[in-house]
Peer 1: 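What follows is a single structure, and I will ask about it in a moment.
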Amino acid sequence: MNTRIVLVGTTHPGNIGAVARAMKNMGLDDLVLVRPRYFPHDDASARSSGAEDLLERARVVDTLAEALADCTYVAGASARSRTIGWPSMTPRDCAVRLLAEAASGRPAVVFGPEKSGLSNADLDLCHTLLTIPTNPDFSSLNLAMAVQVTTYELRVAGMSCESPRSETGVRLATGEELEHFYRHLEQVLTASRFLDPDNPRHLMRRLRRLFLRARPDQNEVNILRGILAAVERQREPGS
């Protein structure tokens, strides 16, 4: 059960404690907090109801990219519709996928701020949306409730999924490796004038979706960056 739970911009410390309790109930212990408004906090400890050890081990980071740097598969919990479509799963289907991914890397589930949820920029780092089917007339879930539903499904799904390695058996690219590639790709596209930084539209977001669907492994990302480096050398004066 090495799935990481990531909370972004949590505003109420009690919710952090309740999430820790939900995680410990289901056997998860990897919690990362991105820019929490208040942490550590007495309310978090009180609401954890015995999961203080998990709060003590929780990491606090400045960016979501940092929280996901070593992750190879990421589900972003969201109830809002999006202009650009992301693949979407229910908690039950997502749990099976997360457990399969855990056999060869570190998966994560990301939850956004209580009021606004995850931004599109946050979802750029996710492979899929996790959407909990609720009553459409009353769909709002407390943050800890959403985490409890997800971790329960992980618990029930068990650890019977096969490892989703690449066809070559090479480790899949981590979030950090993909972020380096995306930055390199954007630089080359801008330098070649294919990407207009003053009018980028959704180009980079669509390209992120493309490569997240492709699931490149470490070697494939290195090849892609080698291609970009070769293009850069051809554009140098005197080449």
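From a predicted model like this one, the values you see are computed outputs, not experimental measurements.
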Peer 1: Does Glu153 use its side chain to pair, donor to acceptor, with the backbone of Cys94 at less than 3.5 Å?
Peer 2: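 Pair absent, no side-chain N/O of Glu153 close to backbone of Cys94.
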Peer 1: Just do the side-chain contact (heavy atoms from CB on, under 4.5 Å) check on Glu66 and Thr63 with the steps written out, would you?
Peer 2: CA-CA 5 Å; Glu66 185 179 353; Thr63 67; 3.3 Å; yes
Peer 1: Heavy atoms, side chains only, cut-off 4.5 Å: are Leu31 and Met23 in contact?
Peer 2: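 A side-chain contact exists here, since the closest heavy-atom pair is under 4.5 Å.
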Peer 1: Would Leu154 and Val156 show up in the same hydrophobic cluster when neighbours are defined by side-chain heavy atoms closer than 4.5 Å?
Peer 2: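 Yes, one cluster joins them.
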Peer 1: Within the distance-only criterion (no hydrogens, no angle test), does the side chain of Thr151 pair as donor or acceptor with the backbone N or O of Val147 below 3.5 angstrom?
Peer 2: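 Such a contact is found between Thr151 side chain and Val147 backbone.
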Peer 1: Restricting to non-hydrogen atoms, name the atom on Val8 and the atom on Val110 that form the minimum distance, rounded to 0.1 Å.
Peer 2: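 Heavy atoms of Val8 and Val110 come nearest at CG2-CG1, 3.7 Å.
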Peer 1: Students often mix this up, so state it plainly: with edges at 30° and 60°, are the rings of Phe181 and Phe211 parallel, tilted or perpendicular?
Peer 2: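 Geometry flag for Phe211 against Phe181: perpendicular rings.
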Peer 1: Examine distances only and state if a side-chain atom of Asp29 and a backbone atom of Ala20 form a donor-acceptor pair shorter than 3.5 Å.
Peer 2: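 Side chain of Asp29 to backbone of Ala20, a donor-acceptor pair under 3.5 Å: no, none is there.
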Peer 1: Does a salt bridge link Asp70 with Arg4, judged by any charged N lying under 4.0 Å from a carboxylate O?
Peer 2: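 Answer for the salt bridge query: yes.
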Peer 1: With the side chain counted from C-beta on, respond yes when Met89 and Leu129 share a heavy-atom pair under 4.5 Å apart, and no when they do not.
Peer 2: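 No, every pair of side-chain atoms sits at 4.5 Å or beyond.
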Peer 1: Evaluate the side-chain contact (heavy atoms from CB on, under 4.5 Å) criterion for residues Val188 and Glu232: first the C-alpha distance (whole Å), next the side-chain angles of each, then the deciding distance (0.1 Å), finally the verdict.
Peer 2: CA-CA 7 Å; Val188 173; Glu232 288 177 315; 3.6 Å; yes
Peer 1: Do Ser119 and Asp122 get their side chains close enough for a donor-acceptor pair, meaning under 3.5 Å?
Peer 2: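 The answer is yes; a qualifying pair exists.
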Peer 1: Between the side chain of His41 and the main-chain N/O of Asp43, is any donor-acceptor distance below 3.5 Å?
Peer 2: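 Side chain of His41 to backbone of Asp43: a pair is present.
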Peer 1: Can you name the nearest heavy-atom pair linking Cys126 to Ala75, along with the distance?
Peer 2: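 Nearest heavy atoms, Cys126 then Ala75: SG-C, 4.3 Å.
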Peer 1: Do the side chain of Glu220 and the main chain of Asp217 share a donor and acceptor less than 3.5 angstrom apart?
Peer 2: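 Confirmed, Glu220 side chain pairs with Asp217 backbone.
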Peer 1: Decide if atom CZ of Arg225 counts as having more than 12 heavy atoms of other residues, nucleotides or ligands within a radius under 6.0 Å.
Peer 2: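 Yes, CZ of Arg225 has more than 12 neighbouring heavy atoms, counting only those of other groups under 6.0 Å.
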Peer 1: Is there a path of hydrophobic side-chain contacts, each under 4.5 Å between heavy atoms of I/L/V/M/F/W/Y residues, joining Leu178 to Val74?
Peer 2: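 Shared cluster, no.
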Peer 1: On a heavy-atom basis, which atom in Thr128 and which in Arg209 lie closest, and how many Å separate them?
Peer 2: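 Thr128 and Arg209 have their closest heavy atoms at N-NH2, 4.4 Å.
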Peer 1: Do Thr10 and Pro113 have side chains that approach each other closer than 4.5 Å (heavy atoms only, starting at C-beta)?
Peer 2: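 Sidechains of Pro113 and Thr10: no contact.
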Peer 1: Hey, are Glu177 and Arg171 close enough for a salt bridge, meaning a charged N less than 4.0 Å from a carboxylate O?
Peer 2: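 Looking at Glu177 and Arg171, the cut-off is met.
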Peer 1: Between atom CG of Leu185 and atom CG of Leu224, what is the distance when rounded to the nearest 0.5 Å?
Peer 2: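 Going from CG on Leu185 over to CG on Leu224, the span is 8.5 Å.
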Peer 1: What I'd like to find out is whether the side chain of Arg213 reaches to under 4.5 Å of the side chain of Leu210, using heavy atoms alone.
Peer 2: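 The answer is yes, as the side chains (C-beta and beyond) meet within the 4.5 Å cut-off.
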Peer 1: Just verifying a value: how many Å separate Leu141 CG and Asn135 CG, rounded to the nearest 0.5 Å?
Peer 2: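 One gets 10.5 Å once the value is rounded to the nearest 0.5 Å.
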Peer 1: Could you tell me whether the side chain of Ser192 and the main chain of Leu189 form a donor-acceptor pair under 3.5 Å?
Peer 2: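 Yes, because the side chain of Ser192 sits within donor-acceptor range (under 3.5 Å) of the backbone of Leu189.
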Peer 1: I'd like to know if Met145 and Ile132 are part of one continuous hydrophobic network [Ile/Leu/Val/Met/Phe/Trp/Tyr, side-chain heavy atoms within less than 4.5 Å].
Peer 2: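 Yes, same cluster.
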Peer 1: Between Asn25 and Gln148, does the side-chain contact (heavy atoms from CB on, under 4.5 Å) criterion hold? Intermediate values first, please.
Peer 2: CA-CA 9 Å; Asn25 283 155; Gln148 187 74 83; 3.8 Å; yes
Peer 1: Whether the side chain of Arg21 engages the backbone of Ser49 through a donor-acceptor N/O pair (distance < 3.5 Å, no angle test) should be reported.
Peer 2: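 Answer holds: no.
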Peer 1: Does Arg183 reach the side chain of Glu186, with side-chain heavy atoms less than 4.5 Å apart?
Peer 2: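 Answer no - side chains too far apart.
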Peer 1: Between Phe39 and Leu55, does the side-chain contact (heavy atoms from CB on, under 4.5 Å) criterion hold? Intermediate values first, please.
Peer 2: CA-CA 9 Å; Phe39 188 80; Leu55 292 178; 4.0 Å; yes
Peer 1: Are the side chain of Thr131 and the backbone N or O of Ser78 linked by a donor-acceptor pair below 3.5 Å?
Peer 2: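 Side chain of Thr131 to backbone of Ser78, a donor-acceptor pair under 3.5 Å: yes, one is there.
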Peer 1: Does a salt bridge link Arg97 with Asp93, judged by any charged N lying under 4.0 Å from a carboxylate O?
Peer 2: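 A salt bridge is absent here (no side-chain N lies under 4.0 Å from a carboxylate O).
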Peer 1: Between Glu179 and Ala65 (side chain of the first, backbone of the second, donor and acceptor by atom type, cut-off under 3.5 Å), is there such a pair?
Peer 2: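 Checked: no pair found.
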Peer 1: Salt bridge check, Arg106 against Asp30: does any charged N sit closer than 4.0 Å to a carboxylate O?
Peer 2: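 Judged by the 4.0 Å cut-off on N to carboxylate O distance, Asp30 and Arg106 do form a salt bridge.
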Peer 1: What are the two closest non-hydrogen atoms of Val34 and Ala67, and how far apart are they?
Peer 2: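 Shortest heavy-atom separation between Val34 and Ala67 comes out as CG2-CB, 3.9 Å.
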Peer 1: Has Asn222 got more than 12 heavy atoms of other residues, nucleotides or ligands less than 6.0 Å from its CG?
Peer 2: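 Above 12, so yes.
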Peer 1: Do NZ/NE/NH1/NH2 and the carboxylate oxygens of Glu52 and Lys24 come within less than 4.0 Å?
Peer 2: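 No, Glu52 and Lys24 are not salt-bridged.
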Peer 1: Between Glu101 and Arg215, does any side-chain N to carboxylate O distance fall below 4.0 Å?
Peer 2: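 Yes, this pair counts.
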Peer 1: Could you tell me which non-hydrogen atom of Thr3 sits nearest to which non-hydrogen atom of Ala108, and how far apart they are?
Peer 2: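 For Thr3 versus Ala108, the nearest heavy atoms are CG2-CA, 4.3 Å.
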Peer 1: If you define the side chain from C-beta out and look only at heavy atoms, does anything of Ile16 sit under 4.5 Å from Pro40?
Peer 2: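 The answer is no; the side chains never approach within 4.5 Å.
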Peer 1: Using every non-hydrogen atom in the two residues, find where Arg35 and Asp62 come nearest and quote the distance to one decimal.
Peer 2: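 Shortest heavy-atom separation between Arg35 and Asp62 comes out as NH1-O, 2.9 Å.
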